[in-house]
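Only heavy atoms go into these numbers, but all of them, side chains included; no hydrogens, no water, no symmetry mates. Counting starts at 1 for both ligands and their atoms, in listed order.
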Amino acid sequence: MQFKNVYLGRRSIRKYKDKDIPLATLGEIIDLAGFAPSSGNLQNWKCIVVTDQAKRQQIADACVEQNWMIEAPVFLVICNDHNDVKNHYGKLGRMYSIQNCANFAFGITLVAYDLGLASCWVGAFDNEAVQRILDIPEDIDPEIIITLGYSDETKKPSLREEPSYISYFNNWEKKFTEFPSHLENLKKDIKKKIKRK
Ligand SMILES: Cc1cc2nc3c(=O)[nH]c(=O)nc-3n(C[C@H](O)[C@H](O)[C@H](O)COP(=O)(O)O)c2cc1C
(Lines give C-alpha, C1' and ligand atoms only; values in the text may rest on other atoms or scores of the structure.)
Protein backbone atom coordinates (compact mmCIF):
# COMPACT_ATOMS: atom_id res chain seq x y z
CA MET A 1 0.00 0.00 0.00
CA GLN A 2 1.17 3.57 -0.67
CA PHE A 3 2.55 5.13 2.50
CA LYS A 4 0.09 8.07 2.44
CA ASN A 5 -2.83 5.65 2.21
CA VAL A 6 -1.50 3.67 5.17
CA TYR A 7 -1.06 6.86 7.20
CA LEU A 8 -4.53 8.22 6.37
CA GLY A 9 -6.31 4.86 6.50
CA ARG A 10 -5.17 3.67 9.94
CA ARG A 11 -7.87 4.19 12.54
CA SER A 12 -8.44 3.12 16.12
CA ILE A 13 -10.58 0.02 15.73
CA ARG A 14 -12.61 -1.35 18.62
CA LYS A 15 -14.59 -4.12 16.86
CA TYR A 16 -12.79 -7.24 15.64
CA LYS A 17 -13.61 -10.42 13.74
CA ASP A 18 -13.29 -13.75 15.53
CA LYS A 19 -10.18 -14.69 13.58
CA ASP A 20 -6.67 -15.48 14.81
CA ILE A 21 -3.57 -13.68 13.54
CA PRO A 22 -0.73 -15.97 12.34
CA LEU A 23 2.18 -15.79 14.77
CA ALA A 24 4.56 -15.10 11.87
CA THR A 25 2.54 -11.96 11.03
CA LEU A 26 2.96 -10.77 14.61
CA GLY A 27 6.68 -11.45 14.27
CA GLU A 28 6.82 -9.39 11.09
CA ILE A 29 5.04 -6.47 12.78
CA ILE A 30 7.36 -6.47 15.81
CA ASP A 31 10.49 -6.84 13.66
CA LEU A 32 9.58 -3.97 11.31
CA ALA A 33 8.32 -1.68 14.09
CA GLY A 34 11.73 -2.04 15.74
CA PHE A 35 13.15 0.22 13.04
CA ALA A 36 11.54 3.19 14.81
CA PRO A 37 13.91 5.95 15.94
CA SER A 38 15.02 6.03 19.57
CA SER A 39 17.30 8.31 21.59
CA GLY A 40 20.90 7.09 21.17
CA ASN A 41 19.38 4.11 19.30
CA LEU A 42 18.84 2.56 22.75
CA GLN A 43 15.63 0.74 21.64
CA ASN A 44 14.39 0.49 25.22
CA TRP A 45 11.10 -1.16 24.22
CA LYS A 46 10.04 -4.69 24.99
CA CYS A 47 6.90 -6.26 23.56
CA ILE A 48 4.78 -8.96 25.20
CA VAL A 49 2.49 -10.81 22.78
CA VAL A 50 -0.67 -11.79 24.65
CA THR A 51 -3.06 -14.26 23.01
CA ASP A 52 -4.27 -16.11 26.12
CA GLN A 53 -8.01 -15.42 26.57
CA ALA A 54 -7.98 -15.37 30.39
CA LYS A 55 -5.02 -12.97 30.47
CA ARG A 56 -6.64 -10.71 27.87
CA GLN A 57 -9.77 -10.56 30.00
CA GLN A 58 -7.72 -9.65 33.09
CA ILE A 59 -5.86 -6.97 31.13
CA ALA A 60 -9.10 -5.52 29.70
CA ASP A 61 -10.41 -5.33 33.28
CA ALA A 62 -7.22 -3.47 34.26
CA CYS A 63 -7.87 -1.01 31.40
CA VAL A 64 -10.71 0.68 33.30
CA GLU A 65 -12.96 -2.15 32.12
CA GLN A 66 -12.64 -1.45 28.40
CA ASN A 67 -14.55 -4.60 27.54
CA TRP A 68 -14.44 -4.02 23.80
CA MET A 69 -10.76 -5.01 23.99
CA ILE A 70 -11.48 -8.68 24.56
CA GLU A 71 -12.75 -9.07 20.97
CA ALA A 72 -9.19 -8.47 19.75
CA PRO A 73 -7.35 -11.81 19.47
CA VAL A 74 -3.99 -10.26 20.36
CA PHE A 75 -2.74 -7.59 22.73
CA LEU A 76 0.78 -6.27 22.35
CA VAL A 77 1.94 -4.86 25.65
CA ILE A 78 4.79 -2.42 25.04
CA CYS A 79 7.04 -2.16 28.05
CA ASN A 80 9.54 0.55 28.86
CA ASP A 81 12.93 -0.82 29.91
CA HIS A 82 14.04 2.64 30.98
CA ASN A 83 17.21 2.04 33.03
CA ASP A 84 19.77 2.47 30.23
CA VAL A 85 18.03 5.58 28.91
CA LYS A 86 18.01 7.19 32.36
CA ASN A 87 21.70 6.31 32.85
CA HIS A 88 22.57 7.90 29.52
CA TYR A 89 20.40 11.01 29.65
CA GLY A 90 19.82 11.77 33.34
CA LYS A 91 16.79 14.01 33.84
CA LEU A 92 15.73 13.77 30.20
CA GLY A 93 15.88 9.96 30.29
CA ARG A 94 12.37 9.40 31.59
CA MET A 95 10.83 11.51 28.81
CA TYR A 96 13.04 9.98 26.09
CA SER A 97 12.27 6.46 27.24
CA ILE A 98 8.52 7.12 26.87
CA GLN A 99 8.94 8.86 23.52
CA ASN A 100 10.96 5.89 22.23
CA CYS A 101 8.22 3.45 23.25
CA ALA A 102 5.59 5.67 21.62
CA ASN A 103 7.53 5.64 18.33
CA PHE A 104 7.70 1.83 18.46
CA ALA A 105 3.98 1.61 19.25
CA PHE A 106 2.93 3.94 16.44
CA GLY A 107 5.15 1.91 14.10
CA ILE A 108 3.25 -1.20 15.15
CA THR A 109 -0.10 0.39 14.28
CA LEU A 110 1.12 1.44 10.81
CA VAL A 111 2.87 -1.83 9.92
CA ALA A 112 -0.16 -3.79 11.15
CA TYR A 113 -2.49 -1.70 8.98
CA ASP A 114 -0.24 -2.25 5.95
CA LEU A 115 -0.52 -6.00 6.59
CA GLY A 116 -4.35 -5.84 6.64
CA LEU A 117 -4.78 -5.68 10.40
CA ALA A 118 -6.52 -3.19 12.65
CA SER A 119 -5.35 -1.87 15.98
CA CYS A 120 -6.15 0.44 18.84
CA TRP A 121 -3.69 2.18 21.16
CA VAL A 122 -4.78 1.81 24.78
CA GLY A 123 -3.19 4.09 27.36
CA ALA A 124 -5.72 3.97 30.17
CA PHE A 125 -4.70 1.12 32.44
CA ASP A 126 -3.56 0.23 35.92
CA ASN A 127 0.20 -0.29 35.42
CA GLU A 128 0.69 -2.34 38.55
CA ALA A 129 -2.19 -4.67 37.69
CA VAL A 130 -0.76 -5.28 34.19
CA GLN A 131 2.68 -5.85 35.72
CA ARG A 132 1.19 -8.50 38.03
CA ILE A 133 -0.86 -10.22 35.31
CA LEU A 134 2.16 -10.62 33.01
CA ASP A 135 4.93 -11.11 35.62
CA ILE A 136 6.69 -7.96 34.44
CA PRO A 137 9.70 -7.06 36.67
CA GLU A 138 9.27 -4.09 38.98
CA ASP A 139 11.73 -1.84 37.13
CA ILE A 140 10.06 -2.35 33.74
CA ASP A 141 6.96 -0.19 33.03
CA PRO A 142 4.09 -1.43 30.90
CA GLU A 143 3.67 1.76 28.83
CA ILE A 144 1.19 1.12 26.00
CA ILE A 145 -1.18 -1.67 25.03
CA ILE A 146 -2.03 -2.21 21.36
CA THR A 147 -5.03 -4.37 20.50
CA LEU A 148 -4.65 -6.18 17.19
CA GLY A 149 -7.06 -8.10 14.98
CA TYR A 150 -9.05 -8.12 11.76
CA SER A 151 -11.39 -5.14 11.68
CA ASP A 152 -15.11 -5.66 11.95
CA GLU A 153 -15.99 -2.00 11.37
CA THR A 154 -15.48 0.57 8.61
CA LYS A 155 -14.29 4.01 9.53
CA LYS A 156 -13.65 7.19 7.58
CA PRO A 157 -10.32 8.97 8.04
CA SER A 158 -10.21 10.58 11.46
CA LEU A 159 -11.20 14.21 11.96
CA ARG A 160 -8.17 16.43 12.41
CA GLU A 161 -7.43 20.10 13.01
CA GLU A 162 -6.77 22.16 9.88
CA PRO A 163 -3.01 22.01 9.24
CA SER A 164 -2.96 25.82 9.06
CA TYR A 165 -4.36 25.95 12.62
CA ILE A 166 -1.42 23.99 14.06
CA SER A 167 1.45 25.40 11.96
CA TYR A 168 3.73 28.40 12.36
CA PHE A 169 6.52 29.84 10.24
CA ASN A 170 9.85 30.77 11.84
CA ASN A 171 8.15 32.02 15.00
CA TRP A 172 4.90 31.81 16.95
CA GLU A 173 3.61 35.10 15.48
CA LYS A 174 3.45 33.97 11.84
CA LYS A 175 1.30 31.16 10.46
CA PHE A 176 2.55 28.55 7.98
CA THR A 177 -0.04 28.25 5.20
CA GLU A 178 1.47 26.36 2.25
CA PHE A 179 -0.69 23.24 2.15
CA PRO A 180 -0.95 21.67 -1.31
CA SER A 181 -4.46 20.75 -2.48
CA HIS A 182 -3.46 17.28 -3.72
CA LEU A 183 -3.64 16.03 -0.13
CA GLU A 184 -7.24 17.27 0.19
CA ASN A 185 -8.05 15.30 -2.97
CA LEU A 186 -6.36 12.19 -1.60
CA LYS A 187 -8.41 12.46 1.62
CA LYS A 188 -11.63 12.82 -0.46
CA ASP A 189 -10.67 9.76 -2.57
CA ILE A 190 -10.15 7.65 0.53
CA LYS A 191 -13.53 8.76 1.94
CA LYS A 192 -15.22 7.81 -1.37
CA LYS A 193 -13.56 4.37 -1.39
CA ILE A 194 -14.73 3.72 2.18
CA LYS A 195 -18.32 4.79 1.28
CA ARG A 196 -18.37 2.31 -1.62
CA LYS A 197 -17.36 -0.64 0.64
C1 LIG B 1 -1.67 8.13 24.43
C2 LIG B 1 -2.95 7.53 23.87
C3 LIG B 1 -3.82 6.89 24.74
C4 LIG B 1 -4.99 6.30 24.23
N5 LIG B 1 -5.78 5.59 25.08
C6 LIG B 1 -6.89 4.99 24.60
C7 LIG B 1 -7.68 4.16 25.45
O8 LIG B 1 -7.36 3.92 26.61
N9 LIG B 1 -8.80 3.60 24.92
C10 LIG B 1 -9.18 3.79 23.62
O11 LIG B 1 -10.19 3.23 23.21
N12 LIG B 1 -8.44 4.57 22.77
C13 LIG B 1 -7.30 5.16 23.23
N14 LIG B 1 -6.50 5.89 22.37
C15 LIG B 1 -6.90 6.05 20.95
C16 LIG B 1 -7.42 7.47 20.66
O17 LIG B 1 -8.70 7.61 21.20
C18 LIG B 1 -7.44 7.70 19.12
O19 LIG B 1 -6.13 7.56 18.62
C20 LIG B 1 -7.98 9.10 18.75
O21 LIG B 1 -9.32 9.24 19.12
C22 LIG B 1 -7.87 9.37 17.23
O23 LIG B 1 -8.57 8.40 16.49
P24 LIG B 1 -7.82 7.49 15.39
O25 LIG B 1 -6.70 6.72 16.08
O26 LIG B 1 -8.88 6.57 14.85
O27 LIG B 1 -7.26 8.38 14.33
C28 LIG B 1 -5.32 6.42 22.85
C29 LIG B 1 -4.41 7.07 21.98
C30 LIG B 1 -3.23 7.58 22.48
C31 LIG B 1 -2.22 8.18 21.51
Side-chain angles (χ1 to χ4, degrees), residues 1-17 29-30 33 36-39 44-48 50 55-82 85 94-134 136 140-163 165-166 183-184 186-195 197:
M1 212 187 294
Q2 271 225 346
F3 177 74
K4 281 179 200 161
N5 290 331
V6 173
Y7 205 80
L8 287 172
R10 180 219 58 83
R11 292 295 317 272
S12 290
I13 295 297
R14 300 179 183 86
K15 288 194 170 89
Y16 297 93
K17 292 191 173 127
I29 293 169
I30 295 167
S38 61
S39 54
N44 56 294
W45 45 72
K46 299 278 188 282
C47 181
I48 307 179
V50 185
K55 282 200 192 302
R56 282 187 290 120
Q57 183 64 64
Q58 283 177 287
I59 294 171
D61 291 344
C63 294
V64 289
E65 297 182 12
Q66 298 195 62
N67 281 325
W68 60 268
M69 290 174 69
I70 194 66
E71 274 189 21
V74 175
F75 295 176
L76 297 182
V77 179
I78 317 301
C79 298
N80 185 351
D81 186 0
H82 48 78
V85 191
R94 174 85 194 129
M95 181 181 74
Y96 284 175
S97 72
I98 296 170
Q99 290 181 355
N100 297 341
C101 287
N103 290 340
F104 179 65
F106 188 39
I108 285 176
T109 66
L110 294 176
V111 174
Y113 185 73
D114 191 43
L115 294 175
L117 288 166
S119 65
C120 186
W121 179 309
V122 175
F125 58 87
D126 175 342
N127 290 52
E128 284 173 16
V130 173
Q131 241 167 350
R132 254 193 328 271
I133 295 161
L134 298 174
I136 298 169
I140 307 280
D141 292 333
E143 201 71 69
I144 299 150
I145 299 173
I146 308 278
T147 56
L148 275 184
Y150 294 92
S151 177
D152 203 18
E153 63 178 325
T154 310
K155 281 183 152 182
K156 290 181 191 157
S158 232
L159 289 175
R160 292 294 186 259
E161 299 289 0
E162 284 301 317
Y165 173 70
I166 58 155
L183 270 183
E184 280 312 311
L186 181 64
K187 287 182 217 167
K188 276 182 202 146
D189 277 357
I190 290 178
K191 274 188 199 160
K192 266 190 222 149
K193 269 190 208 146
I194 291 169
K195 256 192 197 156
K197 270 189 192 168

TODO: For atom 23 (O) of ligand 1, find the nearest protein heavy atom and state the residue, atom name and distance (0.1 Å precision).
DONE: S158 OG, 3.4 Å
Open item on the list: I need the nearest protein heavy-atom contact for atom 2 (C) of ligand 1: residue, atom name and distance, please.
Closed with: W121 NE1, 3.2 Å
- [ ] Could you see which bit of R160 sits under 4.0 Å from ligand 1, with heavy atoms only: side chain, backbone, both or neither?
- [x] side chain
Open item on the list: Residue-level breakdown please: for C120 versus ligand 1, do any non-hydrogen atoms fall below 4.0 Å on the side chain, on the backbone, on both, or on neither?
Closed with: side chain
Task: A124: numbered ligand 1 atoms lying under 4.0 Å from its heavy atoms - done: 8 (O)
TODO: Looking only at non-hydrogen atoms, find the nearest pair between W45 and S38 and report the distance.
DONE: CZ3-CB, 3.7 Å
- [ ] Indicate yes or no: does R94 engage D141 in a salt bridge with an N to O separation below 4.0 Å.
- [x] yes
Task: Which atom of I13 lies closest to which atom of W68, heavy atoms considered - done: O-CZ3, 4.0 Å
Open item on the list: Would you say atom 20 (C) of ligand 1 makes contact with the protein, given that contact here means a non-hydrogen protein atom less than 4.0 Å away?
Closed with: no
TODO: Output the distance between atom CE (M1) and atom CG (L8), rounded to the nearest 0.5 Å.
DONE: 11.5 Å
TODO: Pick out which of S158, C120, S119 makes a side chain to side chain contact (heavy atoms under 4.5 Å, CB included) with R11.
DONE: S158
- [ ] Look at atom 16 (C) of ligand 1 and find which of R14, K155, R11 reaches it with the closest heavy atom.
- [x] R14
TODO: Would you mind listing which atoms of ligand 1 come within a distance below 4.0 Å of any non-hydrogen atom of Q66?
DONE: 7 (C), 8 (O), 9 (N), 10 (C), 11 (O)
Open item on the list: Only heavy atoms of G123, strictly under 4.0 Å: list the atoms of ligand 1 that pass.
Closed with: 3 (C), 4 (C), 5 (N), 6 (C), 7 (C), 8 (O)
- [ ] Carefully, step by step, assess D61 and Q57 under the rule side chain to side chain donor-acceptor pair (under 3.5 Å).
- [x] CA-CA 6 Å; D61 291 344; Q57 183 64 64; 3.2 Å; yes
Open item on the list: Just checking E128: does its CD atom have more than 12 heavy atoms from other residues, nucleotides or ligands closer to it than 6.0 angstrom?
Closed with: no
- [ ] From atom 25 (O) of ligand 1, work out which of P157, S12, S119 has a heavy atom at the shortest distance.
- [x] S12
Task: Non-hydrogen side-chain atoms of I136 and C79 separated by less than 4.5 Å - done: yes
Open item on the list: Any protein heavy atom at under 4.0 Å, with atom 11 (O) of ligand 1 as the reference point?
Closed with: yes
TODO: Quick one: look at W68 and ligand 1, take heavy-atom pairs under 4.0 Å, and tell me if it's side chain, backbone, both or neither.
DONE: side chain
